[in-house]
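No hydrogens, no waters, no symmetry mates; every other heavy atom, side chains included, goes into these values. Not measured: the values here are computed from a predicted model. In what follows, chains carry the letters A, B, and so on, assigned in the order in which the sequence lines appear, proteins first and then strands, with residues in each chain numbered from 1.
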There are 2 protein chains.
Amino acid sequence: MLYLIGLGLSYKSDITVRGLEAIKKCSRVYLEHYTSILMAASLEELEAYYGKEIILADRELVETGSKQILSDADKEDVAFLVVGDPFGATTHTDLVLRAKREGVPVEIIHNASVMNAVGACGLQLYTFGQTVSMVFFTENWRPDSWYDKIWENRKIGLHTLVLLDIKVKEQSIENMARGRLIYEPPRYMSISQCCEQLLEIEEKRGTKAYTADTPVVAISRLGSSSQSFKSGTISELANYDSGEPLHSLVILGRQCHELELEYLLEFTDDRDKFVKDAMNDQEYFKPAAWLPPTEVNDDE
Amino acid sequence: MLYLIGLGLSYKSDITVRGLEAIKKCSRVYLEHYTSILMAASLEELEAYYGKEIILADRELVETGSKQILSDADKEDVAFLVVGDPFGATTHTDLVLRAKREGVPVEIIHNASVMNAVGACGLQLYTFGQTVSMVFFTENWRPDSWYDKIWENRKIGLHTLVLLDIKVKEQSIENMARGRLIYEPPRYMSISQCCEQLLEIEEKRGTKAYTADTPVVAISRLGSSSQSFKSGTISELANYDSGEPLHSLVILGRQCHELELEYLLEFTDDRDKFVKDAMNDQEYFKPAAWLPPTEVNDDE
């Protein structure tokens with residue numbers, strides 16, 4: 001059996017009881033190690049907690065080395081651990097498909113992921129639109145296809161979850177060229193950098209998918225003991241020190257009820273200003289007011 | 001401390017290790033009991049598993065009896081258990097706000113909910129739009145505001161998660177009028193009933209937010225050992241026997257990649273037909289083809 005097991009967001013004990021019981025039965029335990037990190041537990045702590053050695057699975061191993069992962073999984077139990085949920089931000093449907101084709105039974109053990117735990121900021125999950133990813137801009141590569149998605153969401157009043165880039169096991173161009181397996185220290189995008197990139201692209205596009213005064217909520221270290229939220233405008237949060245990773249950002253849509261707004265006020269510096277900013281922003285994408293049909297003059 | 005603890009989707013052991021440890025410390029344990037059910041565990045099994053008595057919290061208790069839930073929670077530990085995640089389909093932000101106002105510290109222990117575990121059907125969570133709820137139609141009450149939301153999602157290519165109605169602790173009009181606290185047996189909407197209601201409203205509206213041939217995926221008993229998926233068109237699934245509850249439905253949007261479609265083919269009766277249906281449906285909401293700008297004639 002191949003078990004795909006979600007580890008949840010932060011603590012080693014965020015795994016489900018069922019997930020932990022499954023790991024204990026497994027002869028090999030892989031940990032997917034390129035899209036996210038578990039915030040409050042090191043590899044050694046996890047190994048001690050499970051009583052198992054853990055094999056780190058980087059992108060290469062998962063995408064091209066699935067033979068190794070699936071080897072003998074028809075006869076013994078193998079665990080593939082994923083921070084969050086196995087079908088969260090990065091889905092592992094390809095691994096499941098390959099397992100099925102090789103006759104390996106698969107069991108999924110779900111857990112919380114940022115995709116649902118983001119509800120902790122107080123906004124209804126019902127009214128989120130498509131999710132976008134914000135990557136680190138470089139001098140020559142400043143992709144902005146997410147801009148249109150935010151705009152599409154906001155036109156119909158929906159919130160947008162923005163996932164911030166994580167660079168793990170990254171090589172410098174020089175080291176890559178020389179074939180040296182030396183990796184740069186991991187990098188995690190901060191809220192302020194994300195907001196700066198939002199502002200840069202809005203300035204470039206100029207079509208007001210959002211403005212510097214659009215309200216957003218910063219979500220830092222979701223599910224950990226130092227979890228924190230901050231609500232403000234994009235320009236305000238471009239100067240916010242969000243502290244240690246991981247971070248996500250939610251750009252508010254028009255569909256924000258009074259109780260949701262009240263909840264967000266707990267996380268802002270200036271409550272009156274935030275309410276005003278939210279009202280102004282909602283006004284912008286408000287559907288046109290209903291007008292009585294113009295009387296048709298038959299004489300014309 | 002007030003602990004809001006997600007129980008996950010199905011088994012008693014779907015609770016996280018951290019959640020279980022928290023319950024063991026609590027002097028009172030409430031279970032929210034009106035928006036969902038845990039599929040594979042009875043109340044007695046849960047009580048034995050936790051070693052605690054459970055107080056069932058119906059809508060009335062949660063919405064008006066929060067005083068009782070929060071009583072002494074500043075001095076002792078109280079658990080409020082929610083099937084899925086505490087901020088899933090029904091959020092408990094109001095309880096958190098009231099706790100904060102009374103100076104009661106709150107800790108959230110997240111878990112999987114349908115809002116993220118739905119990714120198990122193979123569709124990327126990134127490309128889901130707003131979620132809608134389908135309620136049981138009665139003779140005089142056939143609400144259809146969800147129709148516009150599906151349409152909005154599909155115009156920008158997004159999938160729609162449809163949550164199917166659950167009626168727990170429902171009184172007949174006669175019993176209610178006579179003040180008799182006799183409740184009807186619980187009712188759970190089936191996939192076929194949901195599809196019939198979809199077809200009825202499309203026929204009434206006639207604006208083709210979707211058609212009888214639009215592809216959908218039925219998700220039954222998500223996260224349980226009898227979990228099953230079925231892909232087909234709305235009219236095909238109007239005749240599908242989805243078995244025991246709980247069920248959800250996903251209406252496909254245009255943003256469906258090859259690998260996602262391939263995954264859905266595992267769940268359909270006729271692979272070629274499903275691919276054809278999906279292609280035809282995607283064609284309908286395809287953005288208009290790019291046309292070169294018409295040449296401006298300066299002489300005009």
Side-chain angles (χ1 to χ4, degrees), chain A residues 6 8-9 11-21 84-89 91 93-94 96-97 100 107-133 149 152-153 155-158 163 222-223 227 255 259-260 262-263 266, chain B residues 6 8-9 11-21 84-89 91 93-94 96-97 100 108-133 149 152-153 155-158 163 222-223 225 227 255 259-260 262-263 266:
Chain A
L9 296 161
Y11 301 92
K12 61 187 179 190
S13 55
D14 278 339
I15 192 170
T16 64
V17 175
R18 190 155 74 94
L20 189 57
E21 285 168 357
D85 184 75
F87 295 98
T91 74
T93 44
D94 46 343
V96 175
L97 272 181
K100 281 185 181 170
E107 188 168 324
I108 313 290
I109 301 181
H110 291 286
N111 209 321
S113 66
V114 61
M115 307 297 284
N116 73 330
V118 64
C121 76
L123 294 168
Q124 289 264 10
L125 290 178
Y126 273 56
T127 41
F128 276 73
Q130 55 200 325
T131 302
V132 303
S133 294
K149 293 176 194 282
E152 286 172 340
N153 284 343
K155 276 181 191 163
I156 56 176
L158 304 180
L163 299 176
L222 182 60
Q227 164 179 294
Q255 293 192 37
L259 187 70
E260 295 176 84
E262 207 184 319
Y263 204 86
E266 305 276 313
Chain B
L9 295 161
Y11 302 91
K12 60 187 181 190
S13 56
D14 278 339
I15 192 170
T16 64
V17 175
R18 190 156 74 95
L20 189 57
E21 284 167 357
D85 183 75
F87 294 99
T91 75
T93 44
D94 47 342
V96 175
L97 272 181
K100 281 185 179 171
I108 313 291
I109 300 182
H110 291 286
N111 210 321
S113 66
V114 62
M115 306 296 283
N116 72 331
V118 65
C121 76
L123 294 168
Q124 290 264 11
L125 290 178
Y126 273 55
T127 41
F128 276 74
Q130 55 200 325
T131 302
V132 304
S133 294
K149 292 176 195 282
E152 286 172 340
N153 285 343
K155 276 181 191 164
I156 55 175
L158 304 180
L163 299 176
L222 182 60
S225 61
Q227 166 180 293
Q255 293 193 38
L259 188 70
E260 295 176 84
E262 208 184 317
Y263 204 85
E266 305 275 313

Under 4.5 Å heavy-atom distance to chain A, tell me which part of [X] shows up: side chain, backbone, both or neither.
{"X": "B:Lys12", "answer": "neither"}
{"X": "B:Ile15", "answer": "both"}
{"X": "B:Lys100", "answer": "side chain"}

Look up atom [atom1] in [X] and atom [atom2] in [Y], then write down how far apart they are to the nearest 0.5 Å.
{"X": "A:Gln130", "Y": "B:Ile156", "atom1": "CD", "atom2": "CD1", "answer": "5.0 Å"}
{"X": "B:Gln124", "Y": "A:Met115", "atom1": "CD", "atom2": "CE", "answer": "8.5 Å"}
{"X": "A:Leu125", "Y": "B:Phe128", "atom1": "CG", "atom2": "CZ", "answer": "13.0 Å"}
{"X": "B:Ile109", "Y": "A:Leu9", "atom1": "CD1", "atom2": "CG", "answer": "12.0 Å"}
{"X": "A:Ser113", "Y": "B:Asp85", "atom1": "OG", "atom2": "CG", "answer": "9.5 Å"}
{"X": "B:Asp94", "Y": "A:Glu260", "atom1": "CG", "atom2": "CD", "answer": "11.5 Å"}

Shortest non-hydrogen contact from A:Tyr11 toward B:Arg18: CD1-NE, 3.2 Å
Interface residue of largest heavy-atom contact number with chain A, from B:Glu262, B:Lys155, B:Gln227, B:Glu21, under 4.5 Å: B:Glu262
Would you mind telling me which of B:Gly157, B:Gly129, B:Gly122, B:Ala117 has the largest number of heavy-atom pairs within less than 4.5 Å of chain A? B:Ala117
Check whether any side-chain heavy atom of [X] sits under 4.5 Å from a side-chain heavy atom of [Y], and report yes or no.
{"X": "A:Tyr126", "Y": "B:Val132", "result": "no"}
{"X": "A:Asn116", "Y": "B:His110", "result": "no"}
{"X": "A:Leu97", "Y": "B:Tyr263", "result": "yes"}
{"X": "B:Thr93", "Y": "A:Leu123", "result": "no"}
{"X": "A:Lys149", "Y": "B:Gln255", "result": "yes"}

Working for side chain to side chain contact (heavy atoms under 4.5 Å, CB included), residues B:Cys121 and A:Phe87: CA-CA 9 Å; B:Cys121 76; A:Phe87 295 98; over 6 Å; no
Once salt bridge (Lys or Arg N to Asp or Glu O under 4.0 Å) is applied, do any residues pair with B:Glu266, and if so which ones, sequence neighbours excluded? none
If you tally heavy-atom pairs under 4.5 Å between each of A:Ser133, A:Ala120, A:Gly84 and chain B, the highest tally belongs to A:Ala120
Can you tell which of A:Ile108, A:Val96, A:Leu20 has the highest number of heavy-atom pairs within less than 4.5 Å of chain B? A:Val96
Holding to side chain to side chain contact (heavy atoms under 4.5 Å, CB included), I want the full list of residues that pass it with B:Asn111, two or more places apart in sequence or in another chain. A:Thr16, A:Asn111, B:Thr16
